[in-house]
Amino acid sequence: MRECFEVRTVDAGGRIGELSVPRAGTTIETPVLLPVINPHLDTLLPRRLADEFGAEALITNAYIFHGSEDFRERALEDGLHDVLDFPGVIMTDSGSFQLAEYGEIDVTTEEIIDFQASIGSDIATPVDIPTPPDVPRDRAESELETTRERLELAASIETGDMLVTAPVQGSTYPDLREAAGAHAAATTLDVFPIGAVVPLLNEYRYADVVDVVAAAKRGLGTDAPVHLFGAGHPMMFALAVAMGCDLFDSAAYALYARDDRYLTVRGTRHVDDLEHLPCSCPVCLEHGADGLASLPDDRRETALAAHNLHVSFAEIRRIKAAIRAGNLLELVDERARAHPAMLDGYRALLDHADQLERTDPASKGTFFYTSHESAHRPEVRRHHDRLDRLSVPDRLFLSQSGDDPLEPYDETWRVVPPFGPFPRALSKSYPVNAEVPDRTDRSAIEAAARGVKRLVEENPETSVGLGHEGWPRDVLESLSDRVELVDQSGAD
Ligand code: GUN
Ligand code: ZN
């Protein structure tokens, strides 16, 4: 168990956790969103973030303070909390972003970690190398080696009670991401940002983001607090949380506002294209669509930034509620309809159902079947994996309609797509007590058939009958010849 992080409630790979930040003398509940503050801009002041939005933490770039004559001296003298006027947790980045954007920076890890400590940062970051996606493998490997050396260096610096992050790089190579995660987790460092995903996010490559996070998480293990660096669009928070990300930083709220763009959990709209506002935050209630579009430039930017942030914080609260209720995957499913690339992300998440299944609780709120994708959820997989624990009679009938067979069998079990077979005694238990549509679909039937197949394979001595309601021929043909088929679709 890492000392600074405690997982409280889990759903799929997502969790509610507590990150204690000793230097700030406080604990923050995760998932948490840290708004990005640039001290040179004052769209939304940190004090307003705390008082009006309830922001408990923010992130700023130590490199900007380091390179600014004015801010540098004030930060060293008065500390970041005073300079920014923010009472909560302040995390700092190191300048690696500038490294990625402009190719070089003029500070070393030692210097910038010392500097972050001196200006009163609560969570500091070494100078990792954000290797972009799709680079040749030897570049990803050699840059990762440099990042590792810097993490080890950072771990060896005496930083008092300041937390220090260990960014995980490795480009789009899952094995490198996994190895980087394992290495980072083995250091004494505290928080684990997954780096260099911004180019993937900018290109809507959510499936690749999911694969990168899944790989890093395999190395990091389940008790490490994970930050997804640079992920600030609320549309993808639920997906990222379901993969096991705990911290987010958003520059998006301000960057999109500057371009007159209005964030929603279903995507981004230009303010001029809005006739009605799908939001009841104070900004939207006050101005309405026309009012917002006709504000003078600077006021419109601030108003949009405030709305964008309200939407982002609201989504984080919605995600926490979903984790507590055990319906995070239903929320991810809903968000996946916002954009085909999000659907790809959700499908990629379900490709990792095995990995999610390991943390998913055995029992939670009722499973809702809300799309074809639901058939691939970890709960379905687990039900199939556990069929071998059930004892079966010599002659077993599996009944979708619930009707008993005409022929003599020793016992009748229910068959409910997507789960497949289970004894009647379990019908009130999670997950087979699911809410499923009366009009089922092919994905659910295929999943149910996989369940039947597993049960038949695991019980070679048992004669099995299957009463199904008009399953497609090819699905039925995929079952063993040993299964006696009865079409129950005409039955009342
Ligand atoms: N901000 C966005 N991506 C990154 C990254 O990979 N490393 C650091 N240090 N900051 C980032
Ligand atoms: Zn709003």
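Here, residue 1 is the first one in the sequence, and each next residue gets the next number. One-based numbering, in listed order, for ligands and for the atoms of each.
Among the atoms of Thr125, none of the N or O lies under 3.5 angstrom from an N or O of ligand 1. Residue Ala196 has at least one nitrogen or oxygen atom sitting less than 3.5 Å from a nitrogen or oxygen atom of ligand 1, judged on distance alone.
In this structure, the ring of Tyr253 has its center no less than 6.0 angstrom from the ring center of His307. Tyr430 has its ring centre no less than 6.0 Å from the ring centre of Phe367. Ring centroids of Phe65 and Tyr63 are separated by 6.0 Å or more, keeping the two rings apart.
Applying side chain to side chain contact (heavy atoms under 4.5 Å, CB included) to Leu349 and the options Glu373, Met243, Gln355 leaves one that passes, Met243. Under the side chain to side chain contact (heavy atoms under 4.5 Å, CB included) test applied with Leu58, the options Leu84, Leu33, Val89, Leu80 reduce to a single match, Leu84.
Near Gly195, the atoms of ligand 1 lying under 4.0 angstrom from a non-hydrogen atom of the residue are 5 (C), 6 (O).
Restricting His307 to its N/O/S atoms, the shortest distance to the Zn ion (ligand 2) is reached by ND1.
Centred on the Zn ion (ligand 2), the angle running from Cys279 (SG) to Cys281 (SG) is recorded as 110°, rounding to 10°.
For atom 1 (N) of ligand 1, the closest non-hydrogen atom on the protein side is Asp93 OD2, 3.7 Å. Protein heavy atom nearest atom 3 (N) of ligand 1, with residue, atom name and distance: Phe229 CB, 3.7 Å.
Note that Arg335 lies outside the cation-pi zone of Tyr346, set by a 6.0 Å cut-off to the ring centre and a 45° limit from the axis.
Residue Asp128 touches ligand 1 through its side chain alone, judged by heavy-atom distances below 4.0 Å.
Among the backbone and side-chain atoms of His310, no N/O/S atom is found under 2.8 Å from the Zn ion (ligand 2).
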Test log, rule salt bridge (charged side-chain N to carboxylate O under 4.0 Å, His left out), inputs Asp385 and Arg382:
CA-CA 5 Å; Asp385 288 343; Arg382 176 188 295 137; over 6 Å; no
